[in-house]
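Below is one structure, written out as structure tokens; the observations come after it.
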Amino acid sequence: MNVLFVASECAPFVKTGGLADVIGALPKALAARGISSRVMLPLYPALTKVAEAGEDVASWDDLMGGPAQLLAAQVEGFDLLLLDAPHLFARDGNIYLGTDGKDWPDNAFRFAALSRAAADVAANGIGTWSADIVHAHDWQAGLVPAYLHQMDQPTPPVALTIHNIAFQGLFSQDLMAPLGLDASLYSQEGLEYWGNISFLKAGITYAQKVTTVSPTYAREIMEPEFGMGLEGLLSARQADVSGILNGIDLDVWDPENDEDLVAPYSVRRLKAKAKNRDAVLARFGLDPTDAAPLFCVVSRLTTQKGIDVLIDALPTLVACGARLAVLGSGDRELEARIVAAAHEYSGKVGVIIGYDEPLSHLMQGGSDAILIPSRFEPCGLTQLYGLRYGTLPVVARTGGLADTVIDANEAALTANCATGVQFAPVTPAAFAQAIHRTCDLFARPKDWAAAMRRAMRHPVGWDASSAAYETIYRSMLDA
Ligand code: ADP
């Protein structure tokens, strides 16, 4: 079976969040099941080197305002298809945002181009290769099934995965014709959303199957609180919607073989984790005392991630004797507030604003627990890294966080199944209580070590989830 992945990011080449990790890992997991994938991405400057070895396999004279070609490149086990459209993608900076921090003004054209090119490849193949299934990801690839829908020829079925329903790709209806979309698609039953074009709605409407990245989030997005306006459509398509947990790449995230750690460790050699802890404390300028846990946060700094709630809970954390290392970037106001808190609680709270993949590994390796107070979390990856590294996740009970962490209540501790701490609702008071509970558990070294070992043994790879995707792909082929 051949699958065409269509996405806007893919680790390790270009990453702003969890989407990239999934695109970087799922094709490999599918390959182990005998399913071959090609991953189609825009050719951003970060991929120029990768593209050098590329072979020209398709071209367009005018793709959303300029010439484009498709380069096939095999790199690091990936079979990449890179859309070289310099008028859309050859620009420095963030892949979605200009230097002013705002979306690139032509994002509609940029990602419509990705979708249009992917639809052409899906419909016509490349040389002797053709896709049996198209797997489109998030709003950036949402138009793929819409373009296929308006073609007058047989086309492969599309699965759309929603990684975060908060990002929908909404653009002016005036763009229908410029984007090459049939006017007939502009209706409530199509891709119209309150007077705009919604790329994500297009994907949900025209894809044969819709998946999202955890069972709980699949249920949540059918409710007004989490559905961001698309709950009605998703409920109507309930029979075709499913939730499949993300896994993580067990080779990239492996405490026994992680070059970013100061000292490797494993379930059998937990003690070595302490050296990584020392390194994190030093890097963040934190007091090297040992009585209470070292917490970490590795996250976009946004209200979705509950960073405001984290800041409000800091007095409790510090009063418990705990320390906190924060790595992240995002909302400017939250960045400023967390930096101010680090000054106020000098030696107890340390903050590095920025994006630093190696440091994120060291923090997972060296912290005792990772805090994730998200207001919503489709799947979440950092709690999965936390489990794998024995860094107990302290999480809001929502989405994939609820599905992957087992709360350390007394019953779960007695039954030997706890792997972290959950709390709800996402308020400073409930979060503060979770921090207290975590500190109490940390003060019971045997129970803490047992929870660490269980966390590290908890399956967080792709085995079960890649099998679930295969089942969906096969059901689409049989339909
Ligand atoms: P989201 O995709 O909503 O941002 P996820 O938890 O699904 O959240 O994935 C976030 C990914 O980005 C994880 O791999 C996490 O380690 C990484 N990450 C987030 N912020 C940073 C940062 N500042 N530096 C390094 N890695 C980061």
Side-chain angles (χ1 to χ4, degrees), residues 7-26 94-97 137-140 161-167 212-214 216-217 221 226 228 243-255 258 260 280 283-284 296-307 310 325-332 334-335 338-339 350-367 370-389 391 393-396 398-405 420 460 465:
S8 55
E9 20 185 312
C10 174
F13 311 110
V14 54
K15 168 169 168 176
T16 73
L19 168 65
D21 296 82
V22 175
I23 307 303
L26 180 54
N94 184 287
I95 57 175
Y96 306 122
L97 315 172
H137 296 266
D138 271 350
W139 72 264
Q140 292 88 351
T161 296
I162 302 170
H163 296 262
N164 190 339
I165 206 163
F167 303 111
T212 187
V213 289
S214 70
T216 293
Y217 195 60
I221 56 177
F226 295 99
M228 311 256 172
I244 301 175
L245 274 177
N246 287 335
I248 62 172
D249 189 324
L250 299 180
D251 296 329
V252 176
W253 294 93
D254 176 8
D258 187 330
D260 297 317
V280 175
R283 184 84 178 261
F284 282 85
C296 74
V297 169
V298 179
S299 179
R300 290 188 285 121
L301 302 179
T302 63
T303 48
Q304 179 206 327
K305 299 290 182 181
I307 300 303
L310 170 81
V326 179
L327 168 65
S329 62
D331 185 292
R332 297 283 139 83
L334 289 172
E335 285 181 359
I338 195 96
V339 168
V351 175
I352 293 178
I353 299 292
Y355 191 94
D356 188 333
E357 194 80 23
L359 180 57
S360 75
H361 281 247
L362 179 65
M363 292 168 76
Q364 292 282 4
S367 306
I370 180 160
L371 300 175
I372 314 176
S374 303
R375 289 195 163 80
F376 65 93
E377 194 59 77
C379 177
L381 292 174
T382 55
Q383 85 280 14
L384 302 181
Y385 305 143
L387 290 169
R388 175 107 167 119
Y389 282 66
T391 302
V394 179
V395 303
T398 185
L401 300 173
D403 291 335
T404 52
V405 176
V460 288
S465 297

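The chain is numbered in sequence order, starting from 1. Both counts, for ligands and for their atoms, begin at 1 and track the order of listing.
- Heavy-atom distances between Lys305 and ligand 1 reach below 4.0 Å in at least one pair.
- Taking only nitrogen or oxygen atoms, main chain and side chain alike, Ser329 does not reach within less than 3.5 Å of ligand 1.
- Under a 4.0 angstrom heavy-atom cut-off, Asn164 registers as lying outside contact with ligand 1.
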When you look at Tyr385 and Trp253, which way does the ring-ring contact (aromatic ring centres under 6.0 Å, His included) test go after all the steps?
CA-CA 7 Å; Tyr385 305 143; Trp253 294 93; 3.7 Å; yes

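- The shortest N or O to N or O distance between Tyr385 and ligand 1 is below 3.5 Å.
- Ligand 1 has Lys15 within reach: a non-hydrogen atom of the residue lies less than 4.0 Å from it.
- Relative ring orientation between Phe376 and Tyr217 is described as parallel, the plane-to-plane angle staying below 30° on a 0-90° scale split at 30° and 60°.
- Distances between N or O atoms of Gly17 and those of ligand 1 include no value under 3.5 Å.
- Note: an N/O pair closer than 3.5 Å links Gly18 and ligand 1 by distance alone.
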Under the criterion side-chain hydrogen bond (donor to acceptor under 3.5 Å, both in side chains), I'd like the reasoning laid out for Gln304 against Asn164: C-alpha separation, chi angles, the key distance, then a yes or no.
CA-CA 11 Å; Gln304 179 206 327; Asn164 190 339; 3.3 Å; yes

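- Phe226 pairs by the ring pair (Phe, Tyr, Trp, His ring centres under 6.0 Å) definition with nothing, not counting sequence neighbours.
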Check against salt bridge (charged side-chain N to carboxylate O under 4.0 Å, His left out), Arg388 and Asp254
CA-CA 7 Å; Arg388 175 107 167 119; Asp254 176 8; 3.6 Å; yes

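- Note: an N/O pair closer than 3.5 Å links Leu381 and ligand 1 by distance alone.
- The closest side-chain donor-acceptor pair between Tyr96 and Ser8 falls under 3.5 angstrom.
- In this structure, Ala11 has no heavy atom closer than 4.0 Å to ligand 1.
- Using a non-hydrogen distance threshold of 4.0 Å, Ser299 registers as a contact of ligand 1.
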